[in-house]
Number of protein chains: 2
Amino acid sequence: MRHSSSIEDYLEAIMLLADGEEKVTVTRISQAMGVKKPSVTSAVTRLVENGLAKHEKYGEIHLTGQGRKIARDVYKRHQALKRFLIDILAVKEEVASEDACRMEHYLSSMSLERLDKFIEYVMECPQGKPLWLQGFNYYLVHGKRNPEYMAVCSPRCGNAPGDTENSRNKELD
Amino acid sequence: MRHSSSIEDYLEAIMLLADGEEKVTVTRISQAMGVKKPSVTSAVTRLVENGLAKHEKYGEIHLTGQGRKIARDVYKRHQALKRFLIDILAVKEEVASEDACRMEHYLSSMSLERLDKFIEYVMECPQGKPLWLQGFNYYLVHGKRNPEYMAVCSPRCGNAPGDTENSRNKELD
DNA sequence: CCTTTTTGTTAGGCTGATCTAACAATTATG
DNA sequence: CATAATTGTTAGATCAGCCTAACAAAAAGG
């Protein structure tokens, strides 16, 4: 079952507050999310109805296992999107965070998986920051390719080891 | 001013129908979007109220200049996201399209610009499909890096021409 | 041209998500 | 501990966006 982006936002905010060793209260959620307190009360009621949180009147709010799982998933998507925007597209952090906040609700698990692997592939390159990514930065700044990077783009004219004509993506779907 | 994702969806659908030389009617929009006709009538009313479309009773629906502009922007975001997912992350088309449909409403203009440039940089590499991307495909399939691709990852250990310690992203923000 | 079919609109209901205003419970403090 | 301040809830409104049912207008076809 899929939950609304609003619900996901509340779950995420509650998880982050709880992880920060904070007592999770209506007021704190309200401040963290920039909504009024009655909105929080009613949202929390919705969470409870959906089995995603526990809340006794005037007491603290806690996520259930299910709620926590969803919150973690949302947060994973948030982080993946944000890292991609910042580390690869060189979008400035503030904008990246806002975009991630909005898009985090809509990335499928398949795309998330691929995005995670892509970031890992790029950023954990055992030989440092990939040259092609530096080349992309150059391209962003100067509006054209730097021939010195291009030399490395595809030395064998696109034929890579073991990559025959149509091997691309064949085993992926 | 920002419009809701629902409004953007209607604009996009109307534009695509119109581009397809079709008469844009309530019924066609309804079919194209998978919503009932009264929903379309009321959505179109909202479009008209916002100056995004024209519609005389029982007649055809046309976008205004403003409406068309927004529709085009949405569609650009859609295409950029979809191309990225398919061509770079190797997500299968069906999933990519769905993801793009949902995320297209939430990508900032800054991120779109960067994403477009990134795709251009990668896909229009003058020497063919970049080796590193082929390496990523290998990584997806086999779960590990192919040493033959790695040799090309960053030959000079991360020091690229003219790339001194902190030049990264400096001129970008 | 009259009737049937298709198309479009109106009316009215529901849900999620927000808000303000007013009130109730809890906590802090002199 | 009594009162003030803070915190939380309730009540009630609004809005977008969808739906179904019923009706009205337009188009098609004998």
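Labels below follow one simple rule: chain letters A, B, ... track the order of the sequence lines, proteins then strands, and each chain is numbered from 1. From a predicted model like this one, the values you see are computed outputs, not experimental measurements.
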Set of residues satisfying salt bridge (Lys or Arg N to Asp or Glu O under 4.0 Å) with respect to B/Glu8, sequence neighbours excluded: B/Arg77
same_hphob_cluster(A/Leu81, A/Met15) at 4.5 Å side-chain heavy-atom cutoff: no
For B/Arg68, all residues meeting side chain to side chain contact (heavy atoms under 4.5 Å, CB included), sequence neighbours excluded: B/Leu63, B/Arg72
Qualifying side-chain hydrogen bond (donor to acceptor under 3.5 Å, both in side chains) pairs, either residue in residues 115-125 of chain A, two or more places apart: A/Glu120-B/Tyr139
Polar atom pairs between nucleotides 19-23 of chain D and protein, under 3.5 Å, N or O only, would you list them?
residue	atom	partner	partner atom	Å
D/dC19	OP2	B/Lys36	N	3.0
D/dC19	OP2	B/Ser39	OG	2.4

Salt bridge (Lys or Arg N to Asp or Glu O under 4.0 Å): pairs with one or both residues in residues 9-34 of chain B, sequence neighbours excluded: B/Glu22-B/Arg28, B/Lys23-B/Glu60
Proximity to DNA chain C (any heavy atom under 4.0 Å), residues of residues 5-28 of chain B only: B/Thr25, B/Val26, B/Thr27
Residues in salt bridge (Lys or Arg N to Asp or Glu O under 4.0 Å) contact with B/Arg83, at least two apart in sequence or another chain: B/Asp87
Salt bridge (Lys or Arg N to Asp or Glu O under 4.0 Å) involving B/Asp73 - partner list, sequence neighbours excluded: B/Lys69, B/Lys76
Sequence-distant partners of B/Ser5, side chain to side chain donor-acceptor pair (under 3.5 Å), two or more places apart: none
Euclidean distance, atom CZ of residue B/Arg2 to atom C1' of D/dA16 [Å, nearest integer]: 17 Å
Any B/Ser4 side-chain nitrogen or oxygen under 4.0 Å from OP1 or OP2 of D/dA16: no
Listed once per pair and sorted, the salt bridge (Lys or Arg N to Asp or Glu O under 4.0 Å) pairs that draw on residues 47-58 of chain B, sequence neighbours left out: none
Interface with DNA chain C, restricted to residues 51-69 of chain A and to heavy atoms under 4.0 Å: A/Tyr58
Exercise answer: donor-acceptor pairs, residues 34-45 of chain A side-chain atoms, under 3.5 Å, sequence neighbours excluded:
residue	atom	partner	partner atom	Å
A/Thr41	OG1	A/Lys37	O	3.3
A/Ser42	OG	A/Ser39	O	3.4
A/Thr45	OG1	A/Thr41	O	2.8

